[in-house]
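Remarks on the structure that follows.
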Amino acid sequence: MTLADLPTPCALLDEARLAHNINRMQQRLNALGVRLRPHVKTAKCIAVAQRQRAAGACGITVSTLKEAEQFFAAGFDDILYAVCIAPPKLAAARALRERGCRLVVVVDSVAAAAAITGSGHAFEVLIEIDSDGHRAGVLPESALLLDIGRTLHEGGALLRGVMTHAGASYECRTPEALQAMAEQERSRCVRAADRLRAAGLPCPVVSVGSTPTALSAVHLQGVTEVRAGVYVFQDLVMAGVGVASRDEMALSVLATVIGHQEDKGWVLVDAGWMAMSRDRGTHDHAVDWGYGAVCREDGTPLGDYLMSGANQEHGIVTRRDGVVAADLATQFPIGTRLRILPNHACATAAQFSQYEVLAIDGSVQAWPRFNGW
Ligand SMILES: Cc1ncc(COP(=O)(O)O)c(C=O)c1O
């Protein structure tokens with residue numbers, strides 16, 4: 001199988017770029033002296049995680065119990081389920097642990113901590129810390145942090161430590177802002193760990209991470225592990241944030257030109273939002289890429305062109321400057337194949353059941369992925 005044989009639309013994965021991204025993050029965290037626990041929700045693909053592990057990753061992070069099930073079945077047994085556990089999911093989490101999976105769960109409330117201690121199983125637990133006001137977690141200085149810690153520890157759960165995710169790093173646009181956010185993520189999580197320890201509670205694990213902060217941190221003193229996910233594919237959002245370049249974007253959607261509306265300056269392709277996803281993550285960036293950035297079939301960027309509109313199975317490719325080129329049908333004849341780089345690789349990848357992995361020698365191999373819960 002080669003690129004020319006692939007039906008469109010499909011999720012094309014550039015193996016050399018994937019390898020570069022894996023090595024770049026691993027080497028950076030090795031130099032900073034912390035373990036990398038990649039978030040496998042980006043690719044949801046065993047073959048990708050095996051490459052991350054081969055490069056030196058220790059354990060994985062998941063966002064669903066289905067990911068935990070699938071990766072455990074494939075031989076990954078050190079798993080952090082990094083979404084606060086809903087008490088009805090404790091039975092499934094416990095079943096995984098009883099089968100030998102070292103699954104660690106997360107809480108940020110006394111109620112969830114009490115559900116864990118009341119379950120009759122000694123779960124390993126991290127407390128989620130809010131380091132940026134972005135989403136979940138307890139504040140590092142809060143009384144609640146110690147209440148949760150005591151509820152777990154005194155109730156017979158195995159309190160393992162703290163974790164945080166500075167999702168607000170996606171709003172950063174300069175290296176200075178990124179470094180400051182990485183330091184905020186680190187220092188607030190370490191502060192929470194220090195408070196637990198000062199209260200006589202165990203806290204061996206200090207887990208932080210997002211791709212922007214992981215690629216920007218100057219030092220990670222007090223941190224034991226970093227979680228990062230989207231770095232493995234990179235995307236236009238990460239480029240807009242300033243932590244990825246165009247030639248690091250490993251995932252694209254291969255599409256075929258199916259029509260033109262020459263008076264409007266439109267080239268129609270067979271990849272709409274069902275292929276790209278509805279994610280418009282660059283809408284508030286200095287460069288808004290619509291639904292994606294357009295490249296030639298061989299990956300050469302067509303800087304002037306973007307997917308400015310998307311219906312379910314139609315993508316509308318136009319020039320960024322709005323100029324209606326007279327020769328669109330000659331430039332992009334029917335049947336021309338284009339690669340479209342996505343805004344948010346996790347969302348685009350989720351539209352597909354497999355990756356078409358393009359090796360340096362031009363051969364293509366399918367790697368399955370899974371979706372759902
Ligand atoms: C809890 C948690 N940890 C780590 C990550 C990884 O972040 P990124 O994909 O920016 O690397 C995420 C992503 O949303 C997350 O929710």
Side-chain angles (χ1 to χ4, degrees), residues 18 21-22 24-26 28-29 34-45 48-49 52 57-65 67-68 71 79-86 103-108 125-138 160-173 177-178 181-182 184-186 188-189 192 205-217 220 223-244 248-251 277 279 281-282 342-350:
L18 176 77
N21 295 340
I22 290 172
R24 177 188 177 201
M25 182 64 84
Q26 188 67 53
R28 179 161 222 286
L29 296 181
V34 293
R35 293 192 296 271
L36 169 60
R37 178 183 289 278
H39 207 317
V40 297
K41 72 176 182 176
T42 300
K44 298 201 195 217
C45 172
V48 170
Q52 290 168 305
C58 300
I60 57 169
T61 312
V62 299
S63 60
T64 64
L65 284 178
E67 289 164 46
F71 282 93
I79 302 180
L80 171 62
Y81 172 35
V83 173
C84 284
I85 185 106
L103 181 75
V104 177
V105 300
V106 169
V107 298
D108 71 353
V125 190
L126 299 186
I127 302 174
E128 180 158 9
I129 306 304
D130 178 1
S131 58
D132 61 353
H134 175 70
R135 195 169 64 190
V138 300
R160 290 292 183 225
V162 287
M163 58 79 70
T164 195
H165 165 64
S169 61
Y170 280 52
E171 312 308 322
C172 297
R173 296 288 182 270
L178 285 160
M181 184 59 72
Q184 177 178 313
E185 181 185 55
R186 182 203 71 81
R188 293 188 181 177
C189 203
V205 174
V206 180
S207 177
V208 305
S210 70
T211 291
T213 50
L215 289 174
S216 305
L220 286 169
V223 168
T224 62
E225 65 176 34
V226 167
R227 308 177 318 280
V230 75
Y231 77 95
V232 80
F233 288 167
Q234 294 292 19
D235 57 25
L236 294 168
V237 168
M238 287 299 104
V241 168
V243 294
E248 289 177 320
M249 292 181 208
L251 182 73
S277 88
D279 196 287
T282 56
N343 283 315
H344 185 182
C346 306
T348 301

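We count ligands from 1, going down the list as the structure has it; atoms in each ligand are counted the same way. Starting from 1, each residue takes its place in the sequence as its number. Atoms considered below: every heavy atom in the structure, side chains included; atoms not considered: hydrogens, waters and symmetry mates.
Note: Glu248 CD to Asp235 CG = 11.5 Å, rounded to the nearest 0.5 Å. Between atom OG1 of residue Thr213 and atom CD of residue Glu185 there is a gap of 3.5 Å, rounded to the nearest 0.5 Å. Atom-to-atom distance recorded for Ile60:CD1 and Ile79:CD1 is 4.0 Å, nearest 0.5 angstrom. Considering NZ of Lys41 and CZ of Arg227, their distance stands at 9.5 Å, rounded to 0.5 Å. With rounding to the nearest 0.5 Å, the separation of CE in Met238 from OG in Ser169 is 6.5 Å.
A heavy-atom separation below 4.0 Å is not found between Met238 and ligand 1.
No side-chain heavy atom of Leu126 sits under 4.5 Å from any side-chain heavy atom of Val162. Side-chain contact between Thr211 and Gln234: present, with at least one pair of heavy atoms (C-beta onward) separated by less than 4.5 Å.
The shortest N or O to N or O distance between Arg227 and ligand 1 is below 3.5 Å. Taking any N or O of Arg135, backbone or side chain, at least one lies under 3.5 Å from an N or O belonging to ligand 1.
Contact annotation for Glu128 and ligand 1: no heavy atom of the residue comes within less than 4.0 Å of the ligand. Under 4.0 Å from ligand 1, the heavy atoms of Tyr170 that appear belong solely to its side chain.
Within the set Ala136, Pro212, Ala82, the minimum heavy-atom distance to atom 1 (C) of ligand 1 is found for Ala82. With atom 14 (O) of ligand 1 as the reference point, the heavy atom nearest to it among His39, Lys41, Met163, Met25 is part of Lys41. Of the candidates Gly229, Ala214, Ala345, it is Gly229 that places a heavy atom closest to atom 11 (O) of ligand 1.
With hydrogens left out, the protein atom closest to atom 7 (O) of ligand 1 is His165 CE1, 3.4 Å, a heavy atom. For atom 9 (O) of ligand 1, the nearest protein heavy atom (residue, atom name, distance) is Val230 N, 3.1 Å.
Only one option out of Ser210, Ser131, Ser207 pairs with Thr164 in a side chain to side chain donor-acceptor pair (under 3.5 Å); it is Ser131.
For ligand 1, the atoms closer than 4.0 angstrom to any heavy atom of Ala228 are 11 (O).
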